[in-house]
2 protein chains.
Amino acid sequence: MTQRAFRLDHFLPYLLNQAAERTGSKFEQVYRDTYGLTRTRWRVISHLGTLGDMTAAAISRSSHTEKTKVSRAVAALEAEGLVLRVPSTVDRRTELLQLTDAGRSLFVSLSAEADRFDQELRTALGTDIAARLEQTLRQLAVDALPKLPDK
Amino acid sequence: MTQRAFRLDHFLPYLLNQAAERTGSKFEQVYRDTYGLTRTRWRVISHLGTLGDMTAAAISRSSHTEKTKVSRAVAALEAEGLVLRVPSTVDRRTELLQLTDAGRSLFVSLSAEADRFDQELRTALGTDIAARLEQTLRQLAVDALPKLPDK
DNA sequence: ATTGAAATGTTGCATATGCAACGGATAACC
DNA sequence: GGTTATCCGTTGCATATGCAACATTTCAAT
């Protein structure tokens with residue numbers, strides 16, 4: 001019974017969390033200090049910027065973010081004049097969200113910085129390793145994860 | 001001026017966050033539902049379990065967790081009788097934290113589940129890919145990240 | 001048609017979090 | 001030695017978050 005001892009620093013969920021936290025908070029400095037955005041607000045902006053106009057529920061599903069978190073971020077962004085709500089005529093429960101001119105202009109500059117940051121990351125890791133990382137992460141993020149171990 | 005458009009779903013910090021969030025919340029079900037632990041409490045337990053007795057500040061540094069977050073987790077764990085504080089005689093600012101018998105027993109069962117979860121993850125990804133992922137994540141989590149792009 | 005189930009977005013409330021400030025203790029420095 | 005800076009752990013407070021509940025609207029089933 002050579003029982004391999006549990007090692008936190010080899011536990012993938014922990015390593016994923018650490019890597020995400022460090023990388024994310026590093027880039028967070030950009031949109032926080034320079035643009036006064038929170039993470040969820042940046043997430044909403046970047047969704048609208050890259051995926052086009054969409055509803056809050058769609059953003060919530062696409063980003064696996066609590067719908068109430070999205071709702072509050074949208075409210076703030078609307079108050080700041082960065083996002084516009086267009087009530088749908090077909091489904092009166094929903095409203096389509098779209099960037100205002102100010103919102104789009106913010107997205108353009110911020111996404112340029114994001115691109116640069118991403119490039120630096122990939123260069124530091126090595127482009128081939130970064131590409132493999134991206135593929136594996138997408139698998140973890142999107143595809144089905146293993147079921148929880150049955151006890 | 002073929003400007004490559006920013007794509008959120010190719011942005012490494014975003015993918016890292018998504019993968020970490022999904023993986024982490026999946027395993028969180030285990031320690032939350034079965035053992036009533038929060039993520040930070042599990043983090044403290046697993047640090048003490050794998051790295052031995054240490055101070056709150058050491059846990060904070062090792063896990064890149066706010067010291068106030070650690071402080072509160074420790075207070076809760078102490079109240080639940082899972083962690084013991086041993087004031088240091090040499091440095092009277094610090095207190096060494098250690099698992100009680102109950103705490104160690106909890107760690108033993110929980111780390112066994114963590115091992116199983118990790119194994120399932122690695123099997124799902126493929127063991128070689130998982131090993132490469134681990135190495136890359138450690139690099140991102142521990143090593144220096146690229147400086148923020150100069151504007 | 002009608003009834004029941006599900007989706008959308010918001011709010012209330014309890015809890016979690018981040019940040020600054022604090023008291024106490026040690027370290028650094030001159 | 002004495003002064004200053006730094007470290008440890010805690011607390012106060014403002015904000016963020018998660019979860020349940022809600023009103024409204026659409027969808028499903030019969």
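The chains referred to below are lettered A, B, ... by the order of the sequence lines, with proteins before strands, and numbering in each begins at 1.
- Across the protein-nucleic acid pair, E78(B) atom CD and dT10(D) atom C1' stand 13 Å apart, rounded to whole Å.
- Side-chain proximity of R93(B) to dA25(C), dT26(D), dA21(C): nearest is dA25(C).
- In this structure, the nucleotide among dT10(C), dC8(D), dC19(C) sitting nearest to the side chain of K67(B) is dC8(D).
- Nearest-nucleotide positions on DNA chain C place R85(A) closer to the 5' end than the other of T89(B) and R85(A).
- Distance L96(B) CG to dC8(D) P: 13 Å, rounded to the nearest Å.
- Atom CD in E95(B) sits roughly 14 Å away from atom P in dT26(C) (whole-Å rounding).
- For the residue pair R72(A)/T68(A), the side-chain donor-acceptor check at 3.5 Å is satisfied.
- Using a 4.0 Å heavy-atom cutoff across all strands shown, T55(B) reaches sugar-phosphate atoms only and no base atom.
- Proximity of the aromatic rings of W42(A) and Y35(A) is defined here by a centroid distance below 6.0 angstrom, and this criterion is not met.
- Out of dT11(C), dA16(D), dA21(C), the shortest distance to the side chain of T38(A) is found at dA16(D).
- Regarding H64(A), its NE2 atom lies at a distance of 19 Å from the C1' atom of dT17(D), rounded to whole Å.
- In this structure, the CD atom of E28(A) is 15 Å from the P atom of dT17(C), given to the nearest Å.
- Per the geometry, CZ belonging to R32(B) stands 7 Å off P belonging to dC19(D), to the nearest Å.
- Applying the 6.0 Å contact sphere to CG of D128(A) captures more than 12 heavy atoms from other residues, nucleotides or ligands.
- Between R72(A) and R92(A), the residue whose closest nucleotide on DNA chain D is further toward the 5' end is R72(A).
- Straight-line distance from the CD atom of E66(B) to the C1' atom of dA16(C): 13 Å, rounded to whole Å.
- At the heavy-atom level, K69(A) lies under 4.0 Å from the strands shown only through sugar-phosphate atoms.
- When each of D91(A) and S71(B) is assigned the nucleotide of DNA chain D with its nearest heavy atom, S71(B) is the one assigned upstream, toward the 5' end.
- The CD atom of Q119(A) lies 7.0 Å from the CG atom of D115(A); values are rounded to the nearest 0.5 Å.
- Side-chain atoms of E134(A) and H10(B) form a donor-acceptor pair, as typed in the model, at a separation below 3.5 Å.
- Of the candidates dT17(D), dG9(C), dC8(D), the closest approach to any side-chain atom of T40(A) belongs to dT17(D).
- Counting any heavy atom pair closer than 4.0 Å across all strands shown, R61(B) reaches sugar-phosphate atoms only and no base atom.
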